[in-house]
Amino acid sequence: MLEIEIYNQTHQQEWDNFVGASRNGTFMQQRNFLNYHPADRFIDCSLMVYNSHRKLIAVIPAAQKMTEQKKVFSSYPGASHGGIIVDQRFGTSEAMALIPLLTEHCKSNRFDAIEIKMIPRIYHFWPSDEIDFALRYYGFSIGRTELATALPLKELAEPSDYLIESTQRNIRKAQKLGVTIEESHDLTTYWRILTNNLKERHNAEPTHTLAEILDLTNRYPESIKLFAAFLQGEMVSGVVAFLLNSRVINCFYIASDNRYQSLRSGELLFYQLISWGMKKGFYYLDWGISTEDKGLKINQGLFDFKEKFGGRGVLREMYNLELFDD
């Protein structure tokens with residue numbers, strides 16, 4: 001028999017230790033990450049799942065959100081994915097018991113719907129599809145699908161194995177012009193480049209403020225890194241990489257100074273990042289999604305750029321379930 005308990009802050013260490021040792025989690029599900037959000041931004045409704053021996057076997061990071069006047073139990077809105085994080089003991093019987101328990105918990109707390117943003121399989125240390133099976137078995141459907149691009153680093157003998165010829169030429173051009181790639185701590189300069197880039201191209205702003213990314217970097221000093229391209233000491237492009245777990249490098253922010261587009265520094269930057277990831281033993285480089293508007297719009301130019309390095313598609317799926325008939 002399983003038992004669900006509502007998370008509270010006294011459980012933080014137990015929660016974070018569990019996610020760190022889980023078979024499908026990343027630091028994006030740890031409370032140390034989620035708690036960077038101001039306390040009043042979300043109404044937390046995360047859950048902890050114990051077996052009959054009072055062993056924690058699963059956690060569900062979640063918050064309440066309102067969608068079209070519906071109260072939704074949602075994988076944490078402030079994270080790219082949330083999912084159901086499980087340990088090695090969690091099997092099919094536990095999955096089949098948990099989902100009806102979750103549904104009844106949400107009904108009794110007057111939620112109108114449930115949304116679960118799954119963690120992409122490339123982040124899993126061990127197969128975990130019994131969760132997907134149980135969700136589908138009990139009536140959940142795919143509410144949204146987005147497409148990311150990832151490169152399987154373990155399949156490469158050399159960083160250049162799958163580069164198309166034009167990308168190889170651009171890498172050589174950048175090197176000839178004197179572009180260098182370094183790990184940098186100058187997030188202030190990079191945030192100025194990123195902010196200008198997003199404003200000019202999309203009339204948008206970064207998901208995180210500079211203060212928030214500095215806070216996150218302090219929380220995860222070894223797992224959030226800025227790799228940047230420089231020309232004669234001036235930063236011209238960069239990528240903020242989240243090392244979400246020991247398997248995957250996630251390129252969370254990518255930006256370049258539009259004044260230096262002709263340098264082709266981005267291609268050299270990713271060539272070097274691929275090489276770095278291979279040396280460090282990562283399994284995948286994940287460039288993130290190139291779909292927009294919740295998967296309804298395809299940014300083909302962005303897909304083309306990522307696929308030039310050999311990257312190919314990885315689904316990001318969200319399950320949902322309506323709990324009450326209209």
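Atom set for the values below is all heavy atoms of this structure, side chains included, hydrogens, waters and symmetry mates excluded.
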Taking atom [atom1] as the centre, does [X] end up with more than 12 heavy-atom neighbours from other residues, nucleotides or ligands that are less than 6.0 angstrom away?
X: E14; atom1: CD; value: yes
X: E3; atom1: CD; value: yes
X: L177; atom1: CG; value: yes
X: Y284; atom1: OH; value: no
X: Y162; atom1: OH; value: no
X: E68; atom1: CD; value: no

Can you find a pair of side-chain heavy atoms, one from [X] and one from [Y], that are under 4.5 Å apart?
X: F309; Y: T167; value: yes
X: L163; Y: S160; value: yes
X: K117; Y: Y76; value: no
X: I254; Y: W287; value: yes
X: L226; Y: T217; value: no
X: F242; Y: V248; value: no
X: L273; Y: M278; value: no
X: Y319; Y: D132; value: yes

Is a side-chain N or O of [X] found less than 3.5 angstrom from the main chain of [Y], in a donor-acceptor match?
X: K176; Y: I171; value: no
X: N35; Y: N32; value: no
X: S128; Y: W126; value: yes
X: D112; Y: E322; value: no
X: Y220; Y: K225; value: no
X: R247; Y: H124; value: yes
X: T67; Y: K70; value: no
X: E212; Y: T209; value: yes

For this session: Under the side-chain contact (heavy atoms from CB on, under 4.5 Å) rule, what do T149 and L302 come out as? Steps first, then yes or no, please.
Result: CA-CA 10 Å; T149 305; L302 201 49; over 6 Å; no
Exercise. Quick one: side chain to side chain donor-acceptor pair (under 3.5 Å) pairs with a partner in residues 268-283, sequence neighbours left out?
Worked result: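 Applying side chain to side chain donor-acceptor pair (under 3.5 Å) to every pair that reaches into residues 268-283, excluding sequence neighbours, yields nothing.
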For this session: With sequence neighbours excluded, give me every side chain to side chain donor-acceptor pair (under 3.5 Å) pair touching residues 295-306.
Result: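 Checked against side chain to side chain donor-acceptor pair (under 3.5 Å) - neighbours excluded - the pairs reaching residues 295-306 are S290-K306, E292-N299, Q300-D304.
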Acceptor/donor pairs from residues 191-200 side chains to any protein atom, 3.5 angstrom cut, sequence neighbours excluded:
unit_1: W191; atom_1: NE1; unit_2: H208; atom_2: O; d: 3.2
unit_1: T195; atom_1: OG1; unit_2: W191; atom_2: O; d: 2.7
unit_1: N196; atom_1: ND2; unit_2: R192; atom_2: O; d: 3.2
unit_1: N197; atom_1: ND2; unit_2: S256; atom_2: O; d: 3.0
unit_1: E200; atom_1: OE1; unit_2: N258; atom_2: ND2; d: 2.3

For [X] against [Y], the heavy-atom pair lying closest together:
X: V314; Y: A150; value: CG2-CB, 3.7 Å
X: P120; Y: R316; value: CG-CG, 3.9 Å
X: Y253; Y: Y190; value: O-OH, 3.3 Å
X: S80; Y: M28; value: N-SD, 3.2 Å
X: F18; Y: I85; value: CE2-O, 3.5 Å
X: I119; Y: G82; value: CD1-O, 3.8 Å

Spatial distance of atom [atom1] ([X]) from atom [atom2] ([Y]) [nearest 0.5 Å]:
X: Y260; Y: L231; atom1: OH; atom2: CG; value: 7.0 Å
X: Y36; Y: N218; atom1: OH; atom2: CG; value: 14.0 Å
X: Q232; Y: T180; atom1: CD; atom2: OG1; value: 10.0 Å
X: E267; Y: R172; atom1: CD; atom2: CZ; value: 11.5 Å
X: L323; Y: K71; atom1: CG; atom2: NZ; value: 11.0 Å
X: N17; Y: Q30; atom1: CG; atom2: CD; value: 8.5 Å

Exercise. Which of parallel (below 30°), tilted (30 to 60°) and perpendicular (above 60°) describes F33 and F27?
Worked result: tilted
For this session: Carefully, step by step, assess N24 and Y123 under the rule side-chain contact (heavy atoms from CB on, under 4.5 Å).
Result: CA-CA 6 Å; N24 65 335; Y123 290 88; over 6 Å; no
Listed by chain and number, what are the side chain to side chain contact (heavy atoms under 4.5 Å, CB included) partners of [X], not counting sequence neighbours?
X: E130; result: R23, F90, T92, A95
X: S246; result: F125
X: Q69; result: none
X: I4; result: L47, V49, L98, L101, H105

For this session: Could you tell me whether R89 and E94 have a side-chain N and a carboxylate O separated by less than 4.0 Å?
Result: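 Answer for the salt bridge query: no.
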Exercise answer: donor-acceptor pairs, residues 139-148 side-chain atoms, under 3.5 Å, sequence neighbours excluded:
unit_1: S141; atom_1: OG; unit_2: N320; atom_2: OD1; d: 3.3

Review item, side-chain donor-acceptor pairs of residues 53-65, under 3.5 Å, at least two apart:
unit_1: R54; atom_1: NH1; unit_2: E5; atom_2: OE2; d: 2.8
unit_1: R54; atom_1: NH2; unit_2: E5; atom_2: OE2; d: 3.0
unit_1: K65; atom_1: NZ; unit_2: E115; atom_2: OE1; d: 3.0

Exercise. What pairs with R259 under salt bridge (Lys or Arg N to Asp or Glu O under 4.0 Å), at least two apart in sequence or on another chain?
Worked result: E234, D257
Exercise. Considering residues at least two apart in sequence or located in another chain, which fulfil the salt bridge (Lys or Arg N to Asp or Glu O under 4.0 Å) criterion with R31?
Worked result: D44
For this session: For R264 and L268, run side-chain contact (heavy atoms from CB on, under 4.5 Å): C-alpha distance rounded to whole Å, both residues' side-chain angles, the deciding distance at 0.1 Å, then the answer.
Result: CA-CA 7 Å; R264 316 304 292 182; L268 177 60; over 6 Å; no
For this session: Report yes or no: do T10 and N8 form a side-chain donor-acceptor pair below 3.5 Å?
Result: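 There is such a pair between these side chains.
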Problem set entry | Working for side-chain contact (heavy atoms from CB on, under 4.5 Å), residues V236 and S265 | CA-CA 7 Å; V236 296; S265 63; 3.8 Å; yes
Problem set entry | Counterpart residues, ring-ring contact (aromatic ring centres under 6.0 Å, His included), relative to Y137 (two or more places apart) |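 Listed in chain order: F133.
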